[in-house]
Amino acid sequence: MSDTPATIYLKDYTPPAFLIDTVALDIAIHTDFTRVQARLALRRQAPGSASALELDGEELELQALRVDGVALPAERYRIEGDKLWITDLPDVCVLESVVRIAPDQNTQLSGLYRSKDGYFTQCEAQGFRRITYYPDRPDVMAKFVCRLSADRAAFPILLANGNPVAQGAEENGRHWATWEDPFAKPAYLFACVAAKLDMLEDFYTTTSGRRVRCAVYVEPGKLDQCDHAIAALKKSMKWDEDVFGLEMDLDHYMIVAVGDFNMGAMENKGLNIFNTKYVLARPDTATDTDYQNIDRVVAHEYFHNWTGNRVTCRDWFQLSLKEGLTVFRDQQFGMDVHSAGVTRIQEVRTLRAAQFPEDAGPMAHPIRPESYAEINNFYTATVYEKGAEVIRMIHTLIGQDAFRKGMDLYFARHDGQAVTCEDFVAAMQDASGLDLTQFKRWYSQAGTPCLIVRSEFDAAARRYSLHVEQQFAPTPYEARMEKEGLALPRGPYHLPIVLGLLDADGHALPLQLAGEATPASTQRTLQLRDAKQSFVFENVAAEPIPSLLRGFSAPVLLDYPYTTAQLVHLMAYDGDAVNRWEAGQRLATEILLAGAKAVQQGHSGSDWIPLDYIHAMARLLGAAFVDGGDPALVAEALMLPSENVLAEQMEVVDPDALHAARLALRRTLARDLREALLAAYLELKIDAPYSPEGEQAGKRALRNACLGYLAELDEPSAQALVIGHFETAGNMTDSIAALAAVANLDIPARHVLLDSFYSKWRDEALVVDKWLQVQATSRLPGTTQDVRALMAHEAFDIRNPNKVYSLVRAFCAANPKHFHAADGSGYQLAADVILQLDALNPQVASRIARCFDRWKKFDAQRQHQARTQLERVRAHDGLSSDVAEVVGKALE
Ligand code: TRP
Ligand code: ZN
């Protein structure tokens, strides 16, 4: 932890002076300390030069340092902060070091740390330096051998990357095991585990005949919650072979679940370490969403084996090289194994909820930033989700076949290397023949571009034109870079606009661009390159309705003056599921913003809710039950835009007015559609045994959405329905849907249900997280005090990231009414937690601090409250670089 975060620049990249061929580690875990011996076979990159060896080390107690077997005299090395420099080394030599570390005291969960069932590691991005002195940078790739030893009774399982090569007993009841990884890798992919765990295994045979052992290790007693993760792993292995021709390259693929983990999961070579949240599932403990998330995270980490591990990043500025691409791959997997439409809609929703605000706020950065203070702060929605959108645009522009050729070329060129985003784009360009020079602006420009589209119809000439203008205003990022002397040129983006045109009957028109002899199809991918560009369609009989950016073909904002009637038409007839949903969201947004204004002006009625919208929603609900209807898509369409997403559309955010308007619209829908909602609720009941698969999950999603609306009716019969739903629920999806609904109701049953849920599940950590979350996101008055009280409850533990995320982050990020309370009580709670956590786990503290990102969008009183708390945090002595960077940028 450093107090003044130094800025690191991409332009300062220099290759390492020394490479490492092999690393032999000996990690001896004892009760009070762990001793790590490392033997590095070093080789100077430029033989004959005098460059010093630069090693990283954090919180290490150095006990010995030897070069080629000889103890290194003090004048040959220098320790400065977290660096160790060694001078006058021969071009080729062996460096041995011995350090002591204290994993039991490691609350940051970076490096080697203690969790309930044993010892685990997390080395990305810079955790390996907390284990031993090492050039902790991804462009140093070495082959690792690791010997682990620990008490056998307490920690019977000893694991590291690669293959087990030997094991045995030591004195005092200890045992050891040696693992060898045949692939060279950067230190961030190192992992080891010494713990008491149960194991479930299965086998997968690759197309070329390798029999891979797939093993999942979990806390003792949880073997009945592992089946889904194993199945997801085998599905992922098959998918990557089918779609990208990529096979598993090791004999052992292990997943270890740990309850204390900062993020979702980690792709360490052959030994993934997962947050339990993305492994454990049983119908009575996990929701349909949990099951889907497990599929996706297992796939994500598995896909990293090629995109991340076999080909890795040259430096951390290239993070999106592996993350954007791997998220894109797990999204494609999700679309193939689940429902394409629903999956894409959920991704668009996440992008709007998390990435658009980030790109409009003080932490805005391009998917490849030019500078950072703390790399852990750049595992962001931008690098991950927008990064995936950028890859998706390449895929859309060049098509699946050329994209596959580009991937093949990328691996042919770079297998075993640490490379840059340019290298990836070059492979795609060379394989497709499409010039991607302009496209690369997506890697260097921050901010969400806006497309202003206007249409023009010439009835006499039967000609329809779309005039598109791109806006790409600079963000605080560009201003900061300029201040730091980095002038970044900005220019228009190259992006795909996938579109269709609908006639008045809802038919898709054949699209004939000016200059073409005949129409090509009813959906086209147009390439936008200019700041202003027009697209002209011929032979158009009557003015059509444009369906723009189908499938959300580019991560942009769209300004097109749709009328209510046009949106209602698109909601019903658009051939693209994403755009049917999008039309509904757009209409709801307009209505809710008008409603918020009405609330601000003191209107108590709901005359701002157009009947057309109610009728459209009624038709949507009915469409779930006709032939070819999809309840999952209808469930998505019934969900109104969140208060946070709506807030982005307001000049000055009024969280109370937005909340009131959204609730009024939900209540109106519930009242006006009550019969249909109730009928749907009854009709969608599932009698078959639980399965997390799409068909059942879709029905449950719609059924629970109907229940949610009915719960808004302030009536005993509706409340009885919710309580009955809870009492008869046969799975966690239904239980938590009822509990979330009742958590918003000020009725005696609220406490009864919450208490009974807690007593039933108090020993199941992941279910307790859900219990905390429904309370943290309640709209009832007093929620802020409830959250404070829950922080003192036995169920809460500030050292456990999942608990902090479920209670505190859920409150700050998903309860805008209370977090942004005008009296500042929400901000104060957040600041209290940030300060308390910063001393324990800066990565998690910093994620909470991000909840302040949008504080300048609020009114003067709220800004004053937020500033007070941000300044209080910033003034704190010994603040971590993680929180310092976030708070510093927020106050800039
Ligand atoms: N590489 C991981 C992933 O995306 C992310 C990750 C896991 C991570 N643990 C972390 C990043 C700790 C930073 C710190 O799958
Ligand atoms: Zn990843």
Side-chain angles (χ1 to χ4, degrees), residues 58 106-113 115 120-131 136 138 161 185-191 193 229 232-233 236 240 255-279 293-313 316-334 350 354 367 372 374-388 391 801-802 804-805 841-847 850 880-882 885-886:
E58 209 179 283
N106 182 355
T107 56
Q108 296 186 25
L109 312 184
S110 164
L112 178 68
Y113 63 91
S115 180
F120 303 81
T121 55
Q122 172 54 40
C123 293
E124 188 176 7
Q126 298 176 334
F128 192 70
R129 63 186 60 183
R130 297 167 56 78
I131 297 175
D136 192 3
N161 315 86
K185 65 169 175 287
Y188 83 85
L189 291 173
F190 170 79
V193 171
L233 179 57
S236 310
D240 219 12
I255 290 179
V256 175
V258 60
D260 297 294
F261 199 76
N262 284 345
M263 304 269 283
M266 181 62 212
E267 70 264 24
N268 318 301
K269 186 80 187 187
L271 179 58
N272 290 180
I273 298 184
F274 271 59
N275 188 319
T276 44
K277 183 175 166 57
Y278 297 112
V279 174
N293 288 341
I294 289 170
D295 275 336
R296 292 289 290 277
V297 177
V298 168
H300 180 96
E301 306 311 331
Y302 175 69
F303 296 158
H304 266 316
N305 189 55
W306 280 93
T307 50
N309 302 4
R310 288 288 288 255
V311 181
T312 193
C313 303
W316 292 119
F317 295 101
Q318 319 297 330
L319 183 57
S320 202
L321 172 76
K322 74 175 176 82
E323 294 306 344
L325 178 55
T326 305
V327 172
F328 170 73
R329 277 151 54 67
D330 87 54
Q331 291 181 346
Q332 293 295 94
F333 170 81
T350 321
I367 64 170
Y372 60 76
E374 173 51 62
I375 184 57
N376 287 318
N377 285 332
F378 284 83
Y379 287 77
T380 58
T382 297
V383 166
Y384 276 66
E385 317 301 332
K386 186 175 180 179
I391 304 296
N802 285 357
V804 175
Y805 295 147
N841 188 333
Q843 283 187 40
V844 176
S846 164
R847 282 178 191 277
R850 290 295 308 278
S880 68
S881 59
D882 307 60
E885 177 172 35
V886 169

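Please read all numbers here as calculations on a predicted model, not as lab measurements. In listed order, ligands and their atoms are each counted from 1. Heads up: numbering here begins at 1 and tracks the sequence.
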Donor-acceptor pair, distance only, cut-off 3.5 Å: does the side chain of [X] make one with the backbone of [Y]?
| X | Y | answer |
| --- | --- | --- |
| R130 | S110 | yes |
| N262 | Q108 | yes |
| R296 | D330 | yes |
| N161 | K269 | yes |

Among all protein heavy atoms in this structure, tell me which lies nearest to [atom], with the distance rounded to 0.1 Å.
| atom | value |
| --- | --- |
| atom 4 (O) of ligand 1 | Y384 OH, 2.6 Å |
| atom 1 (N) of ligand 1 | E124 OE1, 2.5 Å |
| atom 9 (N) of ligand 1 | Q122 NE2, 3.3 Å |

Atoms of ligand 1 less than 4.0 Å from [X] heavy atoms?
| X | answer |
| --- | --- |
| H300 | 3 (C), 4 (O), 15 (O) |
| A265 | 2 (C), 3 (C), 5 (C), 6 (C), 7 (C), 15 (O) |
| E267 | 1 (N), 2 (C), 3 (C), 15 (O) |

(message) For the metal site, I want the angle between atom NE2 of H304 and atom OE2 of E323 with the Zn ion (ligand 2) at the apex, to 10°.
(response)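 The two atoms subtend 90° at the Zn ion (ligand 2).
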(request) Answer yes if the side chains of E124 and Y379 hold a donor-acceptor pair under 3.5 Å, and no otherwise. (result)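 Yes, side-chain donor-acceptor contact under 3.5 Å.
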(request) Check the side chains of E301 and N272 for a donor-acceptor pair under 3.5 angstrom, ignoring hydrogens and angles. (result)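 Looking only at side-chain atoms, E301 and N272 do not form any donor-acceptor pair under 3.5 Å.
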(message) Side chain, backbone, both or neither: which applies to M263 and ligand 1 if a contact is any heavy-atom pair less than 4.0 Å apart?
(response)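 The part of M263 near ligand 1 is the side chain, not the backbone.
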(message) Can you classify the ring geometry of Y372 versus F317 as parallel (below 30°), tilted (30 to 60°) or perpendicular (above 60°)?
(response)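 Taking F317 first and then Y372, their aromatic rings sit tilted (interplane angle of 30° to 60°).
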(message) Looking only at distances, can you tell me whether any N or O atom of E323, backbone or side chain, sits closer than 3.5 Å to an N or O atom of ligand 1?
(response)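 Looking only at distances, the answer is yes, because the N/O contact criterion of under 3.5 Å is met.
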(request) Would you tell me which option among E301, Q843, M266, K322 has the nearest heavy-atom contact to atom 15 (O) of ligand 1? (result)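 Ranked by closest heavy atom to atom 15 (O) of ligand 1, first place is E301.
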